[in-house]
Structures are given as C-alpha cells and as structure tokens.
Amino acid sequence: MKSTLAGALGAVLALAACTVGPDYRRPSAPVPVHYKEAGWKIGQPADALDRGPWWRIYRDPVLDRLERRIDISNQNLKAAAAAFREAEAIVAEGRAGFFPTLTASASAQRSRSGGGSRGGAGVAGAAFGGGAIANFFSQTASASWVPDLWGRVRRTVESEVASAEASAADLANARLSAESTLASDYFQLRIADALKRLLDQTIAAYTESLRITRNQFAAGVAAPSDVAQAEAQLAAAQAQQIALGVNRADLEHAIAVLTGRPPAELAIAPTPSVSIVPEIPPGVPSALLERRPDIAAAERRMAAANAQIGVAEAAFFPDLTLSGDAGTEASKIGRLFDASNVVWAFGGQVAETLFEGGLRHAQVAATRAVLLQNVALYRQTVLTAFQQVEDELAALRILAVQQQAAERAATAAREAERVIFNQYKAGLIPYTNVVVAQATALADAETALSIRQSRLVASVSLIEALGGGWRAAQLPDRRQIEKDVPLDFSPLPPADAVHFAPLR
C-alpha cells in the first residue's frame, strides 16, 4: 500500500514538471548600424547620462531642486507606482495556485425526530409531545489540491511576472517623461526671462529715442509723424513685454503641477543667465534597446503574451484534483475527540473536457494573435525610438548652425541700428529708417533667443529619447517581484505634511 501511494505521488510530481506552451525568445528588432544624423564617426557612450541625474549636465541648481520634487510629489508618478504595486500583488495571486487549499469547520446541532402526540395532550402535546431528542457534534479539516501537471499555473505566474516588469518599466517611463517635461518647461521659462530682459533694454532704448525725437520736434527739426512713430513703437514693445507675462505664468504653473503642488505655492525667481546647450553623445544604436523604458515595457509585454499561450494550451489536458477530509463526529461533545469517533476520506478526481465547440482552439488562436500584436508593437516602439533620436540629433545639428547665423544677423542689425540712429540725429535720413532698423534689430535678437530655446528643448528631448541614463538591468527580476509583494499599504501623508523649501 505504501509503495503504491509513493508511486502515485511520484508520478504526480513527475507530471507536475511538464510545462506546455512555447518558451519565450525575444524576437529581432530593426536596429541600424549607426545613427544617420550622428555622422559616420564611432558612437561615443553617453557617459554624462550615466553619472547620476541626467539634468545635472545643465549645471542649474534651481532645475535640480525642482526635478528632485517629481519623485516625491508628482501625482501621475504616484499612480504609476501604485499600478506597479498592483502588478506585484497579482503575481502573488497567481502563485497561490501552486499550493493546496485548507479549510476547517465545526458544527453543533440539536434535533428532534418526528413522533405523534398522545391522546388528550391537545395543542401542547402536538408541540412538545413524543419524538427522540438527539445531539450531533462534528469538527472537520479538509484539503484540496490541483497539481500543476501541465504548467498552467507556472505559465500564469510567468506571464504575471513579465507584466509586473512591464509595469516597472512604465513607471520608469512615466518618471522620465515628467522629468523631461519639467526641464522643457523650465528652459522655456528661462528664455521668457531672457526675452523680458531684451524687451526691457529695448523699451529703455525706445524711450530714449522718443525723448530725442520730441526734442527735435520742439526744435523744428522733426515732423509730427516722427513723434507718432516713436510713440507707437514704444507702446508696441511695452505691449509685447506685458503679454510675455502670460506665457511665463503658464509655464510656472505647469512646473508647479509637475512637482505636485498648487501653482500658488511656487514662484521661480528670474536669473540673469540661461543654461548652455550641452554636448550629448548618442552612443551606439544597439544600446538603445537597453536604455529606453518604453522599449523594455513593450518587450516584457511580449513575454507575458507568450506565456499566455501555454496557459491556453494547458486546457487541452485533464485536471487532477486531490482531496481529503478528516475529523470526528459524536452525539456528546465530551466524546468528540475519542479515537473511535474519527472519520476520514481521501481520494482523487480526473476531469477532462470532451467537447466544447472549439472553445479551446479559439482561445489558443487568440493568445497567439495577441503575441503577434505585441511583437509588432515592440518593433514599432523600437522604430519610433530611433526616429526620435534621429529627429533630435538633426534638430541640434541644424539649430546650432542656424543660431550662429542668427547671432551674426542680430549683431549686424544692432550695429545698423546704431549707425542709422546717429544719421537721423544728424538730420541725414528720415525717422522711418530708424523705425525699420530698430524693428529689425529686435526681431533678429528675438529670433536668436527662440533658436536657443529650441536647442535647449531639443537637447532635453534627445536625452529623453536616449532613455535618460536608464538601464533595462534596473528592472526587478522575478525573485525581487515575488519577495517585494506588498501585504498592506501604509496611508499617504496629508498634503500639509510635506514642506516645500522656497526656491531662490
């Protein structure tokens, strides 16, 4: 008997080692040999992005303090973190399928069997008359287990672990997106400050021009139209300066929300300078597959979909259920634990679906289609990633040349403005020439600032396209996910418990 039971258990364990369905292998992706826009030189590693927070390459302490608030207070990031914790908990749900289910029960019952009433007893006799009174007590422990003979549970857990890793990559991608959005908004705000300084200087110059024109008009040298043109030009510059405040306020509000606080709680003081555009080596294209969290997320979703094929294929094989009950029964509670009152039952059941109208075949076909869909999405994500890198490399290369030309134009326009204004004061040319020269000088200076803003934003976009120094090795593996499953959630601190230091 013992040898038969041991043999049966051995057979069950041997079958439990089987796992149906295809093992996962990452499919190929279209990876170029080199970046088109980076030239033919050997790619340099993006070391600057691997030495800590990527935004430090701009050497701006205010930006650094703002970026560090994202992990603490950004609500979209908190939502992504909660989604990852949910994915970890789902892995724990799947792992529960490896273990048996145990239940315990106890009962107590007092009953009377049927019996007729004796004559003359009346209603009372009918209610309380004959019949035997009996007590019944029992306590039972039950266990049931469905061995994972064909790997359904193993494939389920494999799929859920891969989904949790994809969720971790989504969290990293959400963090990178928030960081890059904040940096872009911050640099646009700093360019708005620089533009305001330019307009302040321009208004001061226009005010002086108006004073000189009025003096010349009083002396009979200038025409009334000259004064009107000078006044109109000054008013237009003042209006432009006032309108600039709307854009700056919007950017400051957006930065406040990104750092998880109401706009009223954040004020960013102007600074006298704007960050320089750093050099960002893109590295080799093949490294991009391991540097982008969105690519890692797409790859992990392929692995999850692949494992689901095994889950669907396991339905073609029979299920074995092992169950057992043991307990005691007695008519008196004092004898409930006597050895003579022990009852037990053990057994097994094999169940196989013989006909279901092609349901299982359809489910397998559906899971295979989902895998093909995820493969296509993965490859499209890779292609889009290379496009983004190439776009920003081209933007930085072209904008650098354009800025040089724009700065030459701005310098020449300022010199032309100076010469023409001196000629006007000498009475050699009409004031119309001054207006044109001043408008050209302001427009060229604004163009140079706009190009600098585009370069800064493109540099942030390139860093984001390169993954911001992230590595696929940072994803938690299966051991970490199964170990770190949260059993309870501590409450979030109230908003007023978070102190924000003022920015200077």
Problem set entry | Short side-chain to backbone donor-acceptor contact, Thr259 and Ala256, under 3.5 Å | yes
Exercise. So do Leu475 and Trp470 actually touch side chain to side chain, heavy atoms under 4.5 Å?
Worked result: yes
Exercise. Tell me, do Arg69 and Leu258 make a side-chain contact under 4.5 Å, heavy atoms counted?
Worked result: no
Exercise. Between the side chain of Glu390 and the main-chain N/O of Glu37, is any donor-acceptor distance below 3.5 Å?
Worked result: yes
For this session: Check the side chains of Gln308 and Thr367 for a donor-acceptor pair under 3.5 angstrom, ignoring hydrogens and angles.
Result: no
Please table the atom pairs, donor to acceptor, closer than 3.5 Å between any side-chain atom in residues 404-413 and protein atoms at least two apart or in another chain.
from   : atom 1 : to     : atom 2 : distance (Å)
Glu407 : OE2    : Gln403 : NE2    : 3.3
Thr411 : OG1    : Glu407 : O      : 2.9
Thr411 : OG1    : Arg414 : NH2    : 3.3

For this session: Give the minimum heavy-atom separation between Ile309 and Leu371, together with the two atoms involved.
Result: CD1-CD2, 3.7 Å
For this session: Not counting sequence neighbours, which residues clear side chain to side chain donor-acceptor pair (under 3.5 Å) with Arg155? List them please.
Result: Asp23, Glu158
Problem set entry | With sequence neighbours excluded, residues passing side chain to side chain donor-acceptor pair (under 3.5 Å) with Asp60 | Tyr186
Problem set entry | Check ion pair Arg152-Asp148 (N to O, under 4.0 angstrom) | no
Exercise. Do Gln438 and Leu442 have side-chain heavy atoms sitting under 4.5 Å apart?
Worked result: no
For this session: Answer yes or no: are there more than 12 heavy-atom neighbours, outside Arg175 itself, under 6.0 Å from its atom CZ?
Result: yes
For this session: Using atom types as modelled and distance alone, determine if a side-chain donor or acceptor of Asn374 lies under 3.5 Å from a backbone N or O of Val370.
Result: yes
Problem set entry | Results of side chain to side chain donor-acceptor pair (under 3.5 Å) for Glu464 - residues two or more places apart only | Ser180
Exercise. Can you find a pair of side-chain heavy atoms, one from Leu182 and one from Asn74, that are under 4.5 Å apart?
Worked result: no
For this session: Would you please name every residue forming a ring-ring contact (aromatic ring centres under 6.0 Å, His included) with Tyr431, sequence neighbours left out?
Result: Tyr424
Exercise. Looking only at atom types and distance, does a side-chain atom of Ser450 sit under 3.5 Å from a main-chain N or O of Thr447, one as donor and one as acceptor?
Worked result: no
Problem set entry | Heavy-atom pair with the smallest gap, counting every atom of Ala87 and Ser167 | CB-CB, 4.0 Å
Problem set entry | Contact list for residues 223-279, test ring-ring contact (aromatic ring centres under 6.0 Å, His included), sequence neighbours left out | none
Problem set entry | Close side-chain approach of Ser159 to Val311, heavy-atom, < 4.5 Å | no
Exercise. Any side-chain heavy atom of Glu67 within less than 4.5 Å of one from Pro53?
Worked result: no
For this session: Go through the steps to decide whether Arg292 and Glu299 satisfy the test salt bridge (Lys or Arg N to Asp or Glu O under 4.0 Å), and finish with yes or no.
Result: CA-CA 11 Å; Arg292 294 256 309 207; Glu299 188 273 332; over 6 Å; no
For this session: From the options Asp185, Asp193, Ile191, select the one residue that forms a side-chain contact (heavy atoms from CB on, under 4.5 Å) with Leu189.
Result: Asp193
For this session: Assess whether salt bridge (Lys or Arg N to Asp or Glu O under 4.0 Å) is satisfied between Arg300 and Asp170, documenting all intermediate values.
Result: CA-CA 11 Å; Arg300 288 290 80 202; Asp170 288 338; over 6 Å; no
Problem set entry | Test item: Ile420 and Val436 side chains (from C-beta on) under 4.5 Å apart, heavy atoms | no
For this session: Name all residues meeting the ring-ring contact (aromatic ring centres under 6.0 Å, His included) criterion together with Tyr24; count only those two or more places apart in sequence or in a different chain, and write none if there are none.
Result: none
For this session: Could I get the full list of side chain to side chain donor-acceptor pair (under 3.5 Å) partners for Arg59, not counting sequence neighbours?
Result: none
Problem set entry | Contacts of His361 that satisfy ring-ring contact (aromatic ring centres under 6.0 Å, His included) - sequence neighbours left out | Phe316
For this session: Would you check, one step at a time, whether the test salt bridge (Lys or Arg N to Asp or Glu O under 4.0 Å) holds for Glu208 with Lys425?
Result: CA-CA 12 Å; Glu208 178 63 15; Lys425 288 192 294 183; over 6 Å; no
Exercise. Does a sphere of radius 6.0 Å around CG in Leu383 hold more than 12 heavy atoms from other residues, nucleotides or ligands, not counting ones at 6.0 Å or beyond?
Worked result: yes
Seminar exercise, completed: Shortest non-hydrogen pair, Pro22 vs Asn306, comes out as O-ND2, 2.9 Å
Problem set entry | side-chain contact (heavy atoms from CB on, under 4.5 Å) evaluation trace for Phe187 with Leu251 | CA-CA 10 Å; Phe187 288 132; Leu251 291 167; over 6 Å; no
Problem set entry | Residues which pass salt bridge (charged side-chain N to carboxylate O under 4.0 Å, His left out) with Arg95, listed by chain and number, not counting sequence neighbours | Glu482
Seminar exercise, completed: The salt bridge (charged side-chain N to carboxylate O under 4.0 Å, His left out) partners of Asp200 (sequence neighbours excluded) come to Lys196
Exercise. Tyr206 and Ala439: which non-hydrogen atoms are nearest, and at how many Å?
Worked result: OH-N, 4.1 Å
For this session: For side-chain contact (heavy atoms from CB on, under 4.5 Å), just list the numbers for Phe386 and Val31, CA-CA rounded to whole Å, side-chain angles, deciding distance to a tenth of an Å, and then say yes or no.
Result: CA-CA 8 Å; Phe386 285 117; Val31 179; 3.9 Å; yes
Seminar exercise, completed: Of all heavy-atom pairs linking Ser28 and Arg379, the shortest is O-NE, 2.8 Å
Exercise. Is any side-chain heavy atom of Arg248 closer than 4.5 Å to a side-chain heavy atom of Arg190?
Worked result: yes
Exercise. What residues form a ring-ring contact (aromatic ring centres under 6.0 Å, His included) with Phe98, not counting sequence neighbours?
Worked result: none
Exercise. Is there a donor-acceptor contact under 3.5 Å from the side chain of Glu265 to the main chain of Pro262?
Worked result: no
Exercise. If you look at every heavy atom in Leu77 and Ala174, which pair is closest and at what distance?
Worked result: CD1-C, 3.7 Å
